[in-house]
Student: 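Sharing a structure, written as structure tokens. Questions coming.
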Amino acid sequence: IIRVLLALAALISVLTTIGIVVALLNESLSFFSEVGTRFFTDASWSPLFEPAGFGIWQLLNGTFLITGIAILVAIPVGLGSATYLSEYATPRVRRIVKPVLEVLVGVPTVVFGYFALTFVTPVLLNDVLGLDVAIFNALAAGLVMAFMIVPTIASVSEDAMSAVPQGLREGAYGLGATKRQVASRVIFPAAISGIVASIVLGVSRGIGETMIVLVAAGLQPNFGVNPTEGFATITTFMGATAKGDNPAGSIGYESIFACGLTLFVLTFAMNMVAIRFVRKHREVYE
């Protein structure tokens, strides 16, 4: 009975994934049958206006730009935090700091969004740094998203580093290595599979984030890499459009599912690449 229950628990995840794919494909196929290749060739994204534009590239541009800003900040901060907790912090400090760091995971993302809109943009970027940024901008959204991602990267990476056998550290110290050399040349390479997994989790969460970019970055589809301007992402379009104003079967309604399918394919491909990397470079200790 226990084996059957465990198998059913595993099967639920598989069936849920299949259900998501079926739900997305059902409306997306209808969308693509009407739009065709314009989804990849149109220069603008405006499916709810006339004349309609169905070019997904503007939304992809905003998604990658904001996520890129977040990752550029989150990776060094997260890995630095993980290295400190694993190699430098005392057990007492680790017991205090790690739970406090993980509290950020429980903060609702809409709170992060309004923090970016009401503090980061007007106070930090405009007043402190003197930047001329729009009210809705990619820079504030990316910076705040980074601190939403940091706990994920730091926690998973710290677990991977702590799992490295103590014998490797002692052997390196016995050969005269410093603590910095042990952390960078022994522990980090030994835990690389877990570190990569943490970064992929962070990137996936950033790409799929809705409320921070919806509140802080705006809803204007845009091309370019100027982070002081407003941008729309795939998730913000879906969040703003899926409010019941578009009747089922309309092109606007079906565009939500097409965007969802695009997002699913992106995250799926990224996770598959990461899984292959982790399996190839995983260190197994007896």
Side-chain angles (χ1 to χ4, degrees), residues 20-21 23-25 27-49 51-75 109 113 116 133-134 136-146 148-149 199-242 246 251-274:
I20 291 173
V21 173
L24 291 174
L25 283 176
E27 300 293 340
S28 297
L29 291 176
S30 176
F31 173 84
F32 285 114
S33 66
E34 184 173 346
V35 173
T37 58
R38 285 190 291 164
F39 192 71
F40 305 102
T41 58
D42 276 8
S44 64
W45 177 262
S46 53
L48 308 181
F49 299 94
F54 299 100
I56 192 65
W57 299 110
Q58 285 187 326
L59 298 186
L60 286 175
N61 181 80
T63 299
F64 289 139
L65 176 63
I66 295 174
T67 305
I69 294 171
I71 290 301
L72 285 176
V73 177
I75 288 178
T109 56
V133 298
F136 300 106
N137 62 89
L139 184 57
L143 290 175
V144 174
M145 186 189 292
M148 178 198 72
I149 295 173
I199 293 173
V200 172
L201 286 174
V203 173
S204 297
R205 190 175 182 195
I207 290 178
E209 173 54 36
T210 302
M211 292 310 301
I212 292 178
V213 287
L214 182 62
V215 174
L219 289 168
Q220 180 60 48
N222 197 359
F223 268 124
V225 293
N226 184 359
T228 63
E229 299 177 353
F231 286 83
T233 66
I234 294 176
T235 53
T236 57
F237 170 78
M238 294 173 64
T241 307
N246 295 290
I251 194 67
Y253 177 81
E254 292 171 349
S255 66
I256 300 172
F257 291 86
C259 288
L261 182 63
T262 303
L263 196 63
F264 181 87
V265 171
L266 282 175
T267 54
F268 179 79
M270 184 174 57
N271 279 277
M272 290 302 296
V273 171

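Everything quoted here is computed from the prediction, not taken from an experiment.
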Student: Measure the OG1-CG distance between T235 and L263 for me, rounded to the nearest 0.5 Å.
Tutor: 7.0 Å

Student: Check whether any side-chain N or O of Q58 sits under 3.5 Å from a backbone N or O of W45 as a donor-acceptor pair, and report yes or no.
Tutor: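 Judged by distance alone, yes, a pair lies under 3.5 Å.
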
Student: What are the two closest heavy atoms between N61 and G224, and how far apart are they?
Tutor: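 Looks like ND2-O, 2.9 Å.
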
Student: Checking the side chain of T236 only, and the main-chain atoms of A232 only, is there a donor and an acceptor separated by less than 3.5 Å?
Tutor: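 Answer holds: no.
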
Student: Strictly distance-based, threshold 3.5 Å: is any side-chain N or O of T109 a donor or acceptor partner for the main-chain N or O of M211?
Tutor: no

Student: Please check if the side chain of S204 supplies one atom and the backbone of T267 the other of a donor-acceptor pair under 3.5 Å.
Tutor: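 Checked: no pair found.
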
Student: To the nearest 0.5 Å, what is the distance between CG on L25 and CD1 on I20?
Tutor: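 It comes to 12.0 Å.
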
Student: So for atom CZ, which belongs to F268, do other residues, nucleotides or ligands contribute more than 12 heavy atoms lying within a distance under 6.0 Å?
Tutor: no

Student: Write down the atom of V203, the atom of T67, and the distance for their closest heavy-atom approach.
Tutor: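 For V203 and T67, the tightest heavy-atom pair comes out as O-CG2, 4.1 Å.
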
Student: Out of curiosity, L29 CG to L261 CG, how far, rounded to the nearest 0.5 Å?
Tutor: 8.0 Å

Student: Checking the side chain of S28 only, and the main-chain atoms of F257 only, is there a donor and an acceptor separated by less than 3.5 Å?
Tutor: yes

Student: Please enumerate all residues that pass side chain to side chain contact (heavy atoms under 4.5 Å, CB included) together with A23, with sequence neighbours excluded.
Tutor: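 Result, side chain to side chain contact (heavy atoms under 4.5 Å, CB included) vs A23: none returned.
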
Student: Which heavy atom in I66 sits nearest to a heavy atom in A138, and how many Å separate them?
Tutor: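 It is CG1-CB, 3.7 Å.
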
Student: Are I207 and T63 packed together at the side-chain level, in the sense that at least one heavy-atom pair is separated by less than 4.5 angstrom?
Tutor: yes

Student: For side chain to side chain contact (heavy atoms under 4.5 Å, CB included), just list the numbers for I149 and V73, CA-CA rounded to whole Å, side-chain angles, deciding distance to a tenth of an Å, and then say yes or no.
Tutor: CA-CA 9 Å; I149 295 173; V73 177; over 6 Å; no

Student: Between F54 and P47, which heavy-atom pair has the shortest distance, and what is it?
Tutor: CE2-CB, 3.6 Å

Student: From S44 OG over to L59 CG, what is the distance, rounded to the nearest 0.5 angstrom?
Tutor: 10.5 Å

Student: For the side chain of N271 and the backbone of V200, is there at least one donor-acceptor N/O pair under 3.5 Å apart?
Tutor: no

Student: How close do P227 and V225 get, counting heavy atoms only, and between which atoms?
Tutor: CD-O, 3.0 Å

Student: Would you check if the distance from the ring center of F32 to the ring center of F39 is below 6.0 Å?
Tutor: yes

Student: Kindly say whether T228 contributes a backbone atom to a donor-acceptor pair with the side chain of N226 at under 3.5 angstrom?
Tutor: yes

Student: For a 4.5 angstrom cut-off between non-hydrogen side-chain atoms, does P221 reach F237?
Tutor: no

Student: Side chains of L60 and L266, heavy atoms from C-beta outward: is any pair under 4.5 Å?
Tutor: yes

Student: Can you tell me how far the CG atom of L139 sits from the CG atom of L143, to the nearest 0.5 Å?
Tutor: 4.5 Å

Student: Counting distance only, does the side-chain N/O of W57 pair as donor-acceptor with the main-chain N or O of F40 below 3.5 Å?
Tutor: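 Answer holds: yes.
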
Student: What's the shortest heavy-atom distance between V213 and A141, and which atoms?
Tutor: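 Distance-wise, the nearest heavy atoms are CG1-CB, 4.2 Å.
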
Student: Nearest 0.5 angstrom please: F31 CZ to I256 CD1, how far?
Tutor: 10.5 Å

